[in-house]
Engineer: 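Right, I'll just put the structure down here and ask away after.
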There are 2 protein chains.
Amino acid sequence: MTGRRNSSRERILVNAESIILEKGFHATSINDILDKSAITKGGFFYHFDGKPGLAVALVERYLVQDDQLFAELTEQAEALSEDPLHRLLIFLNLLAELFGRLPETHPGCLVASFTYENQLLNEDVRQLMQQGLLSWRQMMIDKLERAGGAYAMKGDVSIETLADMFTAAIEGGIMLARNFGENRYISEQVLAYRAFVRMIFGADQPDSLRPDSLRPENPVRKS
Amino acid sequence: MTGRRNSSRERILVNAESIILEKGFHATSINDILDKSAITKGGFFYHFDGKPGLAVALVERYLVQDDQLFAELTEQAEALSEDPLHRLLIFLNLLAELFGRLPETHPGCLVASFTYENQLLNEDVRQLMQQGLLSWRQMMIDKLERAGGAYAMKGDVSIETLADMFTAAIEGGIMLARNFGENRYISEQVLAYRAFVRMIFGADQPDSLRPDSLRPENPVRKS
DNA sequence: CCTTAAACTGAACCGTAAGTATAGTTCCCG
DNA sequence: CGGGAACTATACTTACGGTTCAGTTTAAGG
């Protein structure tokens, strides 16, 4: 029973997300979505409780996918090093590479998009978005704290703010990327954030001063 | 002749900006704007070439105001120190303080808002937005290069990316602030960026190692 | 004061978009 | 093969949003 249901429902979600990221939620008409999804209005309203319902479903889906992506990258990073700081730095490298490898059409972040269209997004959506931001923060806090266990932190930036800065770098990078039409900016901002983390944990000292595991981890050339 | 004209036109722009930043451009109807501006539809269309024309005027105005703000802060910072790096750090402090002092209603950035509503924004608007981003980048490149003249730069982040990171920090901070309903996040991200700049220019070394002018410049307590 | 252009009013117009209603059709699962 | 879930097709309501325009008011100069 889920086979058929999911195919149409999922198709709608995929297309809706892509159109909305391009034009914005309010500017996207249901008909726009129907055209690209090979489904009729009846079908749409069968699956979703109107446009507000669609918004909820979209954000839910988006957050799940995002979680999965971060989990995968974390796993990959953990396979490549034992050191917590090293793992974090690799994670950021992998993420930067991923953003650089994206197809020409830069995606954008649903949460960011919805942030500036607070109008009819009901309370559900707003809570989901907060939850998403909090989960990203928590993920980074975990990574940073683990790294902090092994190395002393320099600078006077709180771990929470440093964690939020991860989100800020990505969202800021996406904004630059969208306006200039080049994905490169996202990777650059992620790598800049990475450089900051490195410095904070003292990993930018001469090699002689830091543990063996921290030597030049797969360096990423900058543009 | 400009007296009368400007009063209405300006009133429309002010109200339009505030509503648009709250709900988004597309979700903001002309009627919404009229209600708050004490003017009729005819009056609106007398002043602006429809909604697209309003968008152009809004962004133009926004960029000018932004330029002025940055110029003021730069001037203030230059009055407080001779050292280029010191000036930059003060500038960032002033900006962070300003964001923290804002009225409860967090504003948002028109450029960011329009970034995710690329639909009917004509080419003019898009070019203006790019121009704005480029001018912010250039402003920071100037400041960073001047600072770089006096101190050696550490880390492997290009000046351009570091300059863009200023924008990214602010936009990211605004996004967090909007979602959590607390302006604090903007200041925090600006101060985190400041900490990064400090580290890159080696200003986080023990006092004994750096020029006198760099000692604890008006410290801002973090949350 | 009178003219004239700028500034503005008010109402009408038209497309479009969200949502509803309904009757019928196809597909899959037990 | 029966029945419910997953749709199609079509028509319609309702309302709102952008735009136009003919006419009226305001202010400023000669």
Side-chain angles (χ1 to χ4, degrees), chain A residues 1-20 22-59 61 113-114 116-122 124-125, chain B residues 1-59 61 113-114 117-122 124-125:
Chain A
M1 122 190 166
T2 54
R4 195 159 157 237
R5 169 185 182 103
N6 273 5
S7 77
S8 273
R9 200 184 130 95
E10 182 71 9
R11 207 172 55 243
I12 294 174
L13 287 172
V14 170
N15 292 308
E17 181 178 306
S18 97
I19 303 177
I20 287 172
E22 228 188 322
K23 326 203 294 187
F25 180 73
H26 221 85
T28 301
S29 75
I30 293 180
N31 279 325
D32 287 340
I33 299 167
L34 303 183
D35 290 346
K36 282 220 170 182
S37 304
I39 203 172
T40 59
K41 228 172 205 183
F44 175 87
F45 278 91
Y46 173 79
H47 283 295
F48 301 100
D49 192 9
K51 232 184 158 190
L54 173 69
V56 176
L58 277 174
V59 178
R61 197 186 92 107
S113 174
F114 282 1
Y116 277 98
E117 297 195 67
N118 261 342
Q119 156 154 80
L120 269 199
L121 302 181
N122 52 21
D124 293 348
V125 179
Chain B
M1 122 188 168
T2 54
R4 196 160 156 235
R5 170 185 180 103
N6 273 5
S7 76
S8 273
R9 198 184 131 94
E10 182 70 10
R11 207 172 55 242
I12 293 174
L13 286 172
V14 170
N15 291 309
E17 181 178 307
S18 98
I19 304 176
I20 287 172
L21 283 178
E22 229 188 318
K23 326 202 296 185
F25 181 72
H26 219 88
T28 300
S29 75
I30 293 179
N31 279 326
D32 287 341
I33 299 167
L34 303 183
D35 290 344
K36 284 221 170 182
S37 304
I39 202 171
T40 58
K41 248 174 194 181
F44 175 89
F45 278 89
Y46 172 79
H47 284 295
F48 302 99
D49 191 10
K51 230 184 158 191
L54 173 69
V56 176
L58 278 173
V59 177
R61 198 186 92 106
S113 174
F114 282 1
E117 299 195 65
N118 261 342
Q119 157 153 80
L120 269 198
L121 302 181
N122 52 19
D124 293 348
V125 179

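Only this structure's heavy atoms are used, side chains among them; waters, hydrogens and symmetry mates stay out. Naming: A, B, ... by sequence-line order, numbering from 1 per chain.
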Engineer: Measure CZ/F44(B) against C1'/dG10(C) and give the value in whole Å, please.
Structural biologist: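 Rounded to whole Å, this separation is 17 Å.
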Engineer: Would you check, one step at a time, whether the test side-chain contact (heavy atoms from CB on, under 4.5 Å) holds for N15(B) with R11(B)?
Structural biologist: CA-CA 6 Å; N15(B) 291 309; R11(B) 207 172 55 242; 3.9 Å; yes
Engineer: Checking all strands, does G43(A) fall into the base, sugar-phosphate, or nothing category for heavy-atom contacts under 4.0 angstrom?
Structural biologist: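 Base, at least one base atom sits under 4.0 Å.
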Engineer: For D32(B), which residues count as a side-chain contact (heavy atoms from CB on, under 4.5 Å) partner, sequence neighbours excluded?
Structural biologist: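 Applying side-chain contact (heavy atoms from CB on, under 4.5 Å) to D32(B) gives I19(B), K23(B), T28(B), S29(B).
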Engineer: dG10(C) P sits how many Å from F45(B) CZ, rounded?
Structural biologist: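 That distance rounds to 16 Å.
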Engineer: Output the rounded distance in Å from OH (Y46(B)) to P (dT19(D)).
Structural biologist: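 Distance, rounded to whole Å: 18 Å.
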Engineer: Which distance, rounded to the nearest 0.5 Å, do you find between the CG of L13(A) and the NE2 of H47(A)?
Structural biologist: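 Answer for the CG-NE2 pair, L13(A) versus H47(A), is 9.5 Å.
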Engineer: On the nucleotide dT10(D), are OP1 or OP2 found under 4.0 Å from the side-chain N or O atoms that T40(A) carries?
Structural biologist: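 False: T40(A) side-chain N/O out of range (4.0 Å or more) of dT10(D) OP1/OP2.
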Engineer: Angle class for the H26(B)/H26(A) ring planes (parallel below 30°, perpendicular above 60°, tilted otherwise)?
Structural biologist: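 Taking H26(A) first and then H26(B), their aromatic rings sit tilted (interplane angle of 30° to 60°).
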Engineer: What does A27(A) touch in the nucleic acid at a heavy-atom separation under 4.0 angstrom: a base, only the sugar-phosphate, or nothing?
Structural biologist: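 Nothing, no nucleic acid heavy atom in range.
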Engineer: Give the intermediate values and the outcome of side-chain contact (heavy atoms from CB on, under 4.5 Å) for residues L54(B) and I33(B).
Structural biologist: CA-CA 11 Å; L54(B) 173 69; I33(B) 299 167; 3.7 Å; yes
Engineer: Categorize G42(A) for me: base, sugar-phosphate, or nothing, with a 4.0 angstrom heavy-atom threshold over every strand shown.
Structural biologist: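 Base: the residue G42(A), judged by heavy atoms under 4.0 Å, touches a nucleobase.
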Engineer: In whole Å, what is the span from the CZ atom of R9(B) to the P atom of dA6(C)?
Structural biologist: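 Rounding to the nearest Å, CZ of R9(B) and P of dA6(C) are 15 Å apart.
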Engineer: Kindly compute the distance separating CD1 (I30(A)) from CG (D35(A)), expressed to the nearest 0.5 Å.
Structural biologist: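 Output value for this atom pair is 12.0 Å.
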Engineer: Just how far, in rounded Å, is P of dG18(D) from CG of L34(B)?
Structural biologist: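 Rounding to the nearest Å, CG of L34(B) and P of dG18(D) are 9 Å apart.
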Engineer: Under 4.0 Å from OP1 or OP2 of dC8(C): is there any side-chain N or O of H47(B) that close?
Structural biologist: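 The answer is yes; a side-chain N or O of H47(B) sits under 4.0 Å from OP1 or OP2.
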Engineer: If a protein heavy atom is under 4.0 Å from the base, mark B; if only from the sugar-phosphate, S; if neither, -; do that for nucleotides 12-17 of chain D going 5' to 3'.
Structural biologist: -----S
Engineer: Starting at atom CD1 of I39(B), determine the distance to atom P of dT25(D), rounded to an integer number of angstrom.
Structural biologist: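 The distance from CD1 of I39(B) to P of dT25(D) comes to 17 Å, rounded to the nearest Å.
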Engineer: Say you draw a straight line from OG1 of T40(B) to CZ of F45(B); how long is it, rounded to the nearest 0.5 Å?
Structural biologist: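 Result: 11.0 Å between the selected atoms.
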